[in-house]
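Since this is a predicted model, take the numbers as computed values, not measurements.
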Amino acid sequence: MNASNSKTTQVQLKFIKHTSRLRGFILALLPDFTMAEDVLQEVFLVVTRKAEQYEGGTNFFAWICEIARRKVLEYRRREKKAAGVMLS
């Protein structure tokens, strides 16, 4: 396993450790369980893709919460846009 795969695996394991807490954070912003689960999965994909950008020793939970917050905003924009199209 090369260093890149190792770092990705380490970040994914950290993510799994914080999943319950992150789910609660997302549910506070988006109180629909199904939508929150979609966002949680999107966050996992982003975290995996950006694993190399995470700086060890920094606050991992804060990092994934910021990614989650941005994903919730994206999700809301998509929903609003879809609702606007349906009204037209």
Side-chain angles (χ1 to χ4, degrees):
M1 181 181 297
N2 66 29
S4 178
N5 286 341
S6 177
K7 176 130 186 203
T8 299
T9 300
Q10 289 173 352
V11 167
Q12 288 173 334
L13 290 172
K14 280 181 169 271
F15 181 91
I16 291 166
K17 179 181 171 187
H18 292 284
T19 298
S20 294
R21 201 167 142 207
L22 182 61
R23 182 180 288 115
F25 175 78
I26 294 168
L27 281 166
L29 300 174
L30 191 67
D32 177 289
F33 188 79
T34 302
M35 292 178 187
E37 284 298 308
D38 289 346
V39 169
L40 184 67
Q41 290 178 20
E42 288 182 31
V43 173
F44 180 77
L45 294 174
V46 172
V47 166
T48 297
R49 196 170 55 246
K50 294 187 173 200
E52 289 299 318
Q53 295 177 15
Y54 173 68
E55 296 179 26
T58 61
N59 188 331
F60 183 78
F61 188 69
W63 183 62
I64 61 175
C65 281
E66 181 56 25
I67 294 169
R69 186 185 69 77
R70 291 176 186 203
K71 284 294 172 186
V72 166
L73 292 173
E74 284 177 24
Y75 194 90
R76 286 183 176 161
R77 278 188 221 113
R78 282 194 312 260
E79 290 295 307
K80 190 174 181 179
K81 186 175 181 180
V85 169
M86 291 163 71
L87 294 175
S88 299

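Residues Arg70 and Glu66 are paired through a salt bridge, judged by an N-O separation under 4.0 Å between the basic side chain and the carboxylate.
The side chain to side chain contact (heavy atoms under 4.5 Å, CB included) search around Leu73 returns Arg69, Arg77, not counting sequence neighbours.
The nearest pair of heavy atoms linking Phe61 to Leu22 is CE1-N, 3.8 Å. A pairwise comparison of heavy atoms in Ala68 and Val43 identifies CA-CG2, 3.5 Å as the closest pair. Taking both residues in full, the closest heavy atoms of Tyr75 and Asp38 are given as OH-OD2, 3.8 Å, listed atom of the first, atom of the second, then distance. Across all non-hydrogen atoms, the minimal contact from Thr34 to Asp32 is N-OD1, 3.1 Å.
Between Trp63 and Lys14, every side-chain heavy-atom pair lies at or beyond the 4.5 Å cut-off. Annotation: side chain of Phe25 is not in contact with side chain of Leu40 (no heavy-atom distance under 4.5 Å). A heavy-atom distance below 4.5 Å is found between the side chains of Thr48 and Thr8.
Panel note: side chain Lys7, backbone Tyr54; a donor-acceptor pair is recorded below 3.5 Å.
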Verdict with supporting geometry, Arg78 and Glu42, salt bridge (charged side-chain N to carboxylate O under 4.0 Å, His left out)
CA-CA 14 Å; Arg78 282 194 312 260; Glu42 288 182 31; 3.1 Å; yes
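Just one residue in the list Val72, Leu27, Ile26, Leu30 forms a side chain to side chain contact (heavy atoms under 4.5 Å, CB included) with Met35, and that residue is Leu30.
With rounding to the nearest 0.5 angstrom, the CD atom of Gln12 is 4.0 Å from the CZ atom of Phe44.
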